[in-house]
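Comments concern the structure below.
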Amino acid sequence: MKLSTLGSIFSFLAGTNALTLNIASSGGNKSSSLLYGLLYEDIYHSGDGGLYGELIRNRAFQGSSANRVASLDRNTDYWHPVGEGVTLEIDTSSPALSSSLPYQMRVDVPAGTTGRVGFYNDGFWGFNVDATQEYIASLYMRGEYSGTVETYFHSSTSDSVLGSTTTSIASSAGKWTQGYSPVFHPTASGADANNTFYFTFDGAQLAGKSIYVNLLSVFKQTYKNRINGVRTDLAEALDGLSQKYIRLPGGNNMEGLYSPYYWKWNETIGDLVNRPGRPGTWGDINTDGFGLVEQMQLAEDLGLEVILGVWAGLYLNGQLIAEADLDPYVDQVMDELEFLLGDTSTTYGSLRASLGHPAPYKLAYIEVGNEDYLNGGTSSYYAYRYAAFHNAISAAYPTIPLISTINPNPINTEGAALDLHIYGNQAYFASLFGTFDQASRSYPVFVNEYAATNTGSNTRGEIGAQTLGMACAEAIFLLGCERNSDVVVGSAYGALIKSYDEEPGTVAVIKHTANEVLRTMSYYVQKLFAENMGSETVPVSVNGGGFGPVYWSATRDAEGKTILKLVNYGGEIGEENAVQVVVEGSSAGTATLTSLTADSVDSVNNLEALGGEASVITTTTLQGNNGVFSVAFDKAYEIVILVV
Ligand SMILES: *[C@@H]1O[C@H](CO)[C@@H](O)[C@H](O)[C@H]1NC(C)=O
Ligand SMILES: *[C@@H]1O[C@H](CO)[C@@H](O)[C@H](O)[C@H]1NC(C)=O
Ligand SMILES: *[C@@H]1O[C@H](CO)[C@@H](O)[C@H](O)[C@H]1NC(C)=O
């Protein structure tokens, strides 16, 4: 964005065809305070191996993944033996660590062994080893052993140990003993993420014997130092988005692929030994270590309102709970709500308190299901599923509004909210600008999932990284939401977080590797839009053109600042094509101008080693005169936000 230091003169010189926007001083509608939000679900390592701070992969042998399908087949994937002749096997001998974690790893040590023996883990595409940070390791073991456990990171790249800790443990054959390493700093940071994590034991003592291990864990210090918390860099990236709400726990992952593996709140809380995990929807086992309490804690730590998704009786394969069988599932949701909202005199409210959160949580909305129109779900949703949950929840919590996942809401009375999910290519998103202009004002709308998943009019598959053009198209769509934010209550991009290593080929707001967080073009659109959002819409009248290739929306905040968002979508650039902006009733001589653009419409943000961020954000002061400003685009694809 170039500065026009002589804005008023340019405004005078601009051709008679110049686009002129007159921003009214009154006459708008109240905006939704929640307009920009997040959808969290565990998809391609958003949770396990992503946000969730656990660094060990396959820590409790809860299942596996083959050809991108999760299953309950147990194996020792990601584990490797240490010591000659040492073998690792899945074992189900008694006693189990818990009924939820009935599989353990047996370590068989040959007779005559000396030196250190044990096993190491590959992590989730390696480990982040940072000498400035604290780590802690732990394990459960069974078998006769009284000696030391050494735990350490090892760099495959430099073939060196990056600091080790030793702890003593005395375990016996008949029962499980938990051992913790001291809190440790690695002595050196890894040159890259190509590191492994070792647990070793005194081989002479184990010669000719076996030990059994389970729930093997390494955490780096977490965001706000929460126990069983989340990865700091990813949480900071979420915080940096400045969004207002989070919808959790999903998404298709909440629904489950097939019976009985929907997301069960009561199996995601409390001691980790009591969390069985389950086959997730997106090809990986969910450990459920990042459970309901951890997700609510993250929402609190980020200052986000919560939209709670509850399972509504439909699996993704189309399996349905019949009307006659639905009551127990409704009861489970009521138990979950008592856990979240009940006071400490209630059964589940007191359970919440015992887990460290005496104060009830807050829920802004409850969403009944997810995409219940999928795979034959529509008729039962209208016939009985929505009503069953609606009636029970609204009787107990009449002030919490419910959201339908199908349009229209089955209980179609005024104020009945619905959630639309919108995916498509760039051209489609740019075409959605006017979608809500004629929408009924009686039914609040969420777009709790959206994404432009490919460039231009491309219909084949998804692209791996959002281009500037796609991000500008999403911005046009969001302008349409913002102009109508009296009825469009919230919007959230799907998906929020993915592992770059696992899923380089599809879109997300944020991608991560063990060592890096990649903020996409869409990330910056959402951040700038959320950080520049007023509390009411403002009418804008136009001379010299209409919407396209330039699109806009204006809001005003509680302090009376006017915020104009503009998207140039392949339009003219330069001072001679500057947009003239007249803020009626303003005598301001300066405005703050923020621009998001990149070299070309095809530019993408990438990992540092692959070129890094192409997006460029600048914030400058624009000179004007008596509320009149001349805003020139520097690039054909550019987002500009003017605050007066
Ligand atoms: C990690 O290092 C090992 C040993 O140098 C090498 O064989 C392997 O390819 C590396 N892995 C990655 C992902 O770079
Ligand atoms: C969780 O609740 C379901 C349904 O009530 C029940 O079948 C299951 O046993 C519970 N799990 C635990 C660990 O209590
Ligand atoms: C306010 O909402 C009404 C519909 O209720 C709509 O016609 C009008 O254009 C909106 N005004 C603004 C400035 O968005």
Side-chain angles (χ1 to χ4, degrees), residues 21-32 35 78 80 98-102 120 122-127 129 153-160 190-196 256 259-278 288 291-292 310-311 313 321 325-336 338-339 347-348 351 414 433-434 436-445 479-488 499-502 504 513-515 534-542 552-556 562-565 584 607 609:
L21 304 179
N22 293 289
I23 304 178
S25 52
S26 64
N29 298 315
K30 192 176 185 309
S31 297
S32 166
L35 186 57
Y78 314 108
H80 309 277
S98 67
S99 57
S100 295
L101 300 179
Y120 68 89
D122 295 329
F124 293 92
W125 295 273
F127 286 88
V129 184
F153 289 109
H154 178 266
S155 162
S156 305
T157 301
S158 65
D159 190 18
S160 58
D192 51 33
N194 197 353
N195 307 302
T196 53
S259 174
Y261 299 115
Y262 66 97
W263 185 89
K264 299 185 185 72
W265 75 275
N266 61 330
E267 301 191 345
T268 75
I269 60 167
D271 194 324
L272 296 176
V273 303
N274 297 325
R275 304 191 198 186
R278 66 178 184 115
D288 286 331
L292 180 59
V310 298
W311 192 69
I321 308 298
D325 302 329
L326 197 61
D327 282 355
Y329 298 91
V330 175
D331 292 346
Q332 284 172 41
V333 168
M334 299 315 290
D335 292 346
E336 179 181 4
E338 185 179 288
F339 177 80
T347 308
Y348 292 108
L351 176 59
E414 181 142 353
F433 176 72
F436 299 111
D437 291 350
Q438 311 303 327
S440 158
R441 295 351 241 187
S442 302
Y443 306 105
V445 171
L479 290 179
C481 294
E482 189 174 294
R483 271 158 51 80
N484 292 285
S485 58
D486 54 320
V487 64
V488 181
S499 157
Y500 182 92
D501 294 297
E502 180 176 26
T513 65
N515 278 359
S535 49
E536 57 178 339
T537 58
V538 181
V540 180
S541 57
V542 57
W552 60 86
S553 151
T555 57
R556 188 164 289 127
T562 299
I563 303 159
L564 175 70
K565 298 189 175 86
E584 289 172 6
L607 294 175

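Both ligands and their constituent atoms are indexed starting at 1 by order of listing. One is the number of the first residue; the rest follow in order along the sequence.
Each of K565, R483, E482 was scored for a side-chain hydrogen bond (donor to acceptor under 3.5 Å, both in side chains) with S553, with one residue passing: E482.
For ligand 3 and T537, the ligand atoms under 4.0 Å from any heavy atom of the residue are 12 (C), 13 (C), 14 (O). Residue R483 approaches ligand 3 through these ligand atoms, each under 4.0 Å from one of its heavy atoms: 14 (O). Those atoms of ligand 2 that come under 4.0 Å of a heavy atom in E267, given as number and element, are 1 (C), 8 (C), 10 (C), 11 (N), 12 (C), 13 (C). Atoms of ligand 3 found under 4.0 Å from any heavy atom of P539, numbered from 1 in the order shown, are 13 (C).
The aromatic rings of Y262 and W311 sit parallel to each other, their planes meeting at less than 30°, with 60° as the upper class boundary.
Remark: S25 pairs with no residue by the side-chain contact (heavy atoms from CB on, under 4.5 Å) rule, at least two apart or across chains. Every side-chain contact (heavy atoms from CB on, under 4.5 Å) that S158 has, sequence neighbours left out, goes to S155, S160.
Under 4.0 angstrom from ligand 3, the non-hydrogen atoms of D486 all belong to its side chain. Contacts of Q332 with ligand 2, taken as heavy-atom pairs under 4.0 Å, involve the side chain alone.
Among residue pairs with one or both ends in residues 263-276, those qualifying as salt bridge (Lys or Arg N to Asp or Glu O under 4.0 Å) are R275-E294; sequence neighbours excluded.
Polar contact check, K264 against ligand 2: no nitrogen or oxygen pair lies under 3.5 Å apart. Considering backbone and side-chain atoms together, N274 places no N or O closer than 3.5 Å to any N or O of ligand 2.
When heavy-atom distances to ligand 1 are checked against 4.0 Å, the residues falling inside are S156, N194, ordered by chain and number.
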Show, in sequence, the C-alpha distance, side-chain angles and deciding distance for S485 and T537, and conclude whether the side-chain contact (heavy atoms from CB on, under 4.5 Å) test is met.
CA-CA 7 Å; S485 58; T537 58; 3.7 Å; yes
Trace of the side-chain contact (heavy atoms from CB on, under 4.5 Å) decision for F433 with L479
CA-CA 7 Å; F433 176 72; L479 290 179; 3.8 Å; yes
side-chain contact (heavy atoms from CB on, under 4.5 Å) for N266 and Q332? Distances and angles first, verdict last.
CA-CA 9 Å; N266 61 330; Q332 284 172 41; 5.5 Å; no
